[in-house]
Asks: 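Take a look at the following structure, please.
Here is how names work: the chains are called A, B, and so on, in the same order as the sequence lines, proteins then strands, and each is numbered from 1.
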Amino acid sequence: MLDKDVPEHGPRELTQNPLHKIWMPRTSPGLHLRPITQRRVCMTNCPTLIVTVGLPARGKTYISKKLTRYLNWIGVPTKVFNVGQYRRECLKIYKSFEFFRPDNEEGLKIRRQCATTALNDVRQYLSVEGGQVAVFDATNTTRERRATILKFAEQNGFKVFFVESVCEDPDVIAENIVRVKLDSPDYIHANSEEAIDDFMKRIKCYEASYQPMDENLDKDLSYIKVIDVGRRYLVNRVLDHIQSRIVYYLMNIHITPRSIYLSRHGESDLNIKGRIGGDSGLSDRGKEYAMHLRKFLQEQDISDLKVWTSQMKRTIQTAECLGAPYEQWKALNEIDAGVCEEMMYEEIQENFPQEFAMRDQDKYRYRYPKGESYEDLVQRLEPVIMELERQENVLVICHQAVMRCLLAYFLDKTAEELPYLKCPLHTVLKLTPVAYGCKVESMYLGVDSVNTHRDRPSNVLTQRSTEDALQTVPAHF
Amino acid sequence: MEPLQPEQRMRHRLESLASVPQFCNSPTMIVMVGLPARGKTYISKKLTRYLNWIGVPTKVFNVGQYRREAVKTYKNYEFFKPDNEEAMRIRKACAAAALKDVAIYFSKEQGQAAVFDATNTTRERRSIILNFAKERGYKVFFVESICEDPEIIAENIKQVKFGSPDYADRGYDEALEDFVQRIDCYRASYTPIDDEKDRILSYIKIYDVGSRYLVNRVQDHLQSRIVYYLMNIHVTPRSIYLSRHGESELNLLGRIGGDSGLSPRGQKYANALETFIRDQNIHELKVWTSHMKRTIQTAETLGMPYEQWKALNEIDAGVCEEMTYEEIQEHHPEEFALRDQDKYRYRYPKGESYEDLVHRLEPVIMELERQENVLVVCHQAVMRCLLAYFLDKPAGELPYLRCPLHTALKLTPIAYGCKVESFFLNIEAVNTHRDRPGNVDVDRDPEDALKTVPDHI
């Protein structure tokens, strides 16, 4: 369908948004806005409701939280709605598994009520608050419950995608319970043995009425069945881009224990001069750091460590000192500062004061002229994250902005916090997945370096004084 | 600290030439499974094209072709009858010959993936392949296509079997009848991959052209990418239109890169494109542009919603941005020569290579596979990369594909390939195509270097 209100004298004039450098039509009064879309991940028009399915201790909440973290990181506003939490709010104190008995009418009423409340919040999030994906985290083990959800979704114009986790390996289930259930608010006053015993009985309550997604009865639904923690997957009717990305992600994650080490390159010559970007080599202190890093890794005694670097000299030089094979990724290159490459902050303020201010106004979305934004970086790094998920022990030697993006993914930091995460030189971060999150250990390896972290100054207006602009610039030579 | 030995340094450098790690330690055999007319060869060829494009050297080994070489003339379906001992012997020998060639491809030709395209419908045959692979340390990934929809099968037969050499001199009805009997010969002995008995194997089962998939034991990055690709492709008829932006101000000046607007002729092209698209009467067309002014201006004229992709931006020429070729020769003669020596892998200082571009464009290709009718308004180098993907052009040819201004290409998948229709929309434009000159030596004369530079103001 062609839009007939293109003015006679030609198409709309373009103007470049000064912050993220996107070309868009200059809007004049009288002409209504024709839709322009910037390529965002979620190109679906209707929001998506992801519905988990499975017995307790099958990893539904783990998957829900991880998937949500990933989707938010790539720019798809997503939120988890965990029905168990609603139940805990309703039922202040958890007594025992008896609450979950299928013949406990009172219990059933409360649980149904909680599911309804959660669905209402889902509707609020997706239809009113601008959310794009909602993850409805509950057992949803009966056909009846799932039918209710499908009807709710249809009434509200949401697409539904089921994620079922099926597992009968007793070791995996026991491990799950130890990892996440013992610390649950439900068992805060119980000892390990009591908790495990009660939880096993809880699972039993669901087993009798569990109706897994069925190849025939559910053949028109969109779903993925994850079997035995990812040994096998059954994927049915993937409808759109976002579902395809979700399936790809779920098929790449694993739960094998491992650690990810993040480090910047050693201090570089440009770092010392307070200049950003460029492709300089390591300073003497930077080389010293590389040696300390080598020693540190030897002491950590990591099995089968993979080492990744960018294609910039300073990360490669750092890796060379380690005496181990490494792989270069162009995607790990530092953010491209475009016309500001190799400048000091003082020079940026002098030559591009407006750009400098706009960057402080929205550091995540701000794109350097002929360069990149943090938002661009995240998109560039997505394949790195996907491969990190597949791998086990990895050391990533990268750069400040890149490390901030990766860290934000692992620690679930928002777009606002991301560009201000502290990633100092000569410090290794060791990330180890634990329960539903990530343990971080920060190891400063004892070699001095400049500080390259510039905080957001209080005055971000374009007409601010030079002094105000440069207030938070770290010291340099 | 011991410095790295020279051999170690060399290995690192060799390992790290591409912008993305290769992730293939042992070669992988992708083994097709399924009755005739289930799309095995279609999948084999498409997958091979994709893997080669993203930089994984891959080759198809179609056992049917070996059989055609062994048995010069195909008589009829009786060749495939399970009790035809003579034929069985020949067919087994063909499979063995194909396997032998797979081994040569891996060990002598630096192949990384081989697609073994045959029915492979019996456990016995699959065991032979598994043993063969195990002996040599190859990984095996099965791709089984299961379909019982008679319409799809009939359409398959129509699209690809009638054009087969086997049926070259036969009438439509005769060929169809014979092929159906051929399928029946396989049916009795067909043992699909079993979810229980074969649970240690790595495979994907595709049901009904992709409405459902079963994925078992994905071992590594390559298999994960293969699965993702297979799950995104479809066979719904559609067309993809590729066009560059209209002629730009910098085009007129013979300058590369930059972010200039359309010249007056460029604007005329945008208008002509709008008429052309309207006349094509395309159902639900999606329009994609880059983030650069000239593609967006072109799309604006279409009067339709469009999506901007940063990934579709023109190749970054780094320090050479906005230069003429003459200026590049003057300021960076060595770079200019290196580029002519290996235009695909050459990376501009502080810029990109075609190889980088391909990697950057991979998500665009993946989404193009998912979509139906799409018009992509992009740039010369970008369009070359996309075109090379659809037309299966190797890295050597890619940077020299002709993608002139003011010409729309319409790509329509047919049979195992892609039909291309080229539409010059009759608005004059400068030529921006620079052929590889005869002399690519670093110490060549400027005259030799600039021999193939197209005219400009």
Asks: Do Tyr346(B) and Glu355(B) have side-chain N/O donor and acceptor atoms under 3.5 Å apart?
Replies: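 There is no such pair between these side chains.
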Asks: Under a 4.5 Å heavy-atom cutoff, which of Val227(B), Asp195(B), Leu285(B) has the most pairs with chain A?
Replies: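 Top option by heavy-atom pairs under 4.5 Å: Asp195(B).
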Asks: Using a 4.5 angstrom heavy-atom cutoff, name the option from Asn252(A), Asp376(A), Thr309(A) with the most pairs to chain B.
Replies: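 Of the candidates given, the most pairs with chain B belong to Asp376(A).
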Asks: Sort out for me which residue in Lys21(A), Arg365(A), Arg380(A) forms a salt bridge (Lys or Arg N to Asp or Glu O under 4.0 Å) with Glu372(A).
Replies: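 Filter result, single survivor: Arg380(A).
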Asks: Counting heavy-atom pairs closer than 4.5 Å to chain A, which one of Met231(B), Glu284(B), Lys205(B) comes out on top?
Replies: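 Of the candidates given, the most pairs with chain A belong to Met231(B).
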Asks: In terms of heavy-atom pairs under 4.5 Å, which option from Glu382(A), Arg231(A), Lys225(A), Arg237(A) contacts chain B the most?
Replies: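 The residue among Glu382(A), Arg231(A), Lys225(A), Arg237(A) with the greatest pair count is Arg231(A).
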Asks: Less than 4.5 Å to any heavy atom of chain A: does that hold for the side chain of Asn216(B), its backbone, both, or neither?
Replies: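 Both backbone and side chain of Asn216(B) come within 4.5 Å of chain A.
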Asks: By a 4.5 Å heavy-atom criterion (distance strictly below it), what part of Arg199(B) contacts chain A: side chain, backbone, both, or neither?
Replies: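 Contact with chain A: backbone and side chain both.
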Asks: Okay, side chain of His234(B), backbone of Gln371(B): is any donor-acceptor separation there less than 3.5 Å?
Replies: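 Flag set: sc His234(B) to bb Gln371(B) pair under 3.5 Å.
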Asks: Hydrogens and angles aside, do Arg347(B) and Gln311(A) bring a side-chain donor and acceptor to less than 3.5 Å of each other?
Replies: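 Gln311(A) and Arg347(B) do have a side-chain donor-acceptor pair below 3.5 Å.
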Asks: Check each atom of Arg217(B) against the heavy atoms of chain A and say whether the ones under 4.5 Å are side chain, backbone, both or neither.
Replies: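 Arg217(B) touches chain A through backbone and side-chain heavy atoms alike.
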Asks: For each of Glu215(A), Met386(A), Lys219(A), tally heavy-atom pairs with chain B at distances under 4.5 Å, and name the one with the top tally.
Replies: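 Highest number of heavy-atom pairs under 4.5 Å: Glu215(A).
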Asks: Looking at Lys350(B) and Glu342(A), is there a salt bridge between them, counting it only when a charged N and a carboxylate O are closer than 4.0 Å?
Replies: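 Answer for the salt bridge query: yes.
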Asks: Is chain B contacted by the side chain of Val384(A), its backbone, both, or neither, given a heavy-atom distance below 4.5 Å?
Replies: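 Neither part.
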Asks: Do we see a donor-acceptor contact under 3.5 Å between the side chains of Tyr306(B) and Glu300(B)?
Replies: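 Short answer, yes.
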Asks: Mind telling me whether Trp329(A) and Trp308(A) have parallel, tilted or perpendicular rings, with 30° and 60° as the class edges?
Replies: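 It falls in the tilted class, 30° to 60°.
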Asks: Could you tell me which portion of Gln219(B) (side chain, backbone, both or neither) has an atom closer than 4.5 angstrom to a non-hydrogen atom of chain A?
Replies: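 Backbone only.
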Asks: Quick check on Asp208(B) against chain A: is it the side chain, the backbone, both or neither that has a heavy atom closer than 4.5 Å?
Replies: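 It is neither, since no heavy atom gets under 4.5 Å.
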Asks: Any salt bridge linking Arg225(B) with Glu362(B)? Criterion: basic side-chain nitrogen under 4.0 Å from a carboxylate oxygen.
Replies: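 Here Arg225(B) pairs with Glu362(B) in a salt bridge, since their nearest N and O are under 4.0 Å apart.
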Asks: Tell me, for Tyr203(B) versus chain A, whether the close heavy atoms (under 4.5 Å) come from the side chain, the backbone, both or neither.
Replies: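 The side chain, not the backbone.
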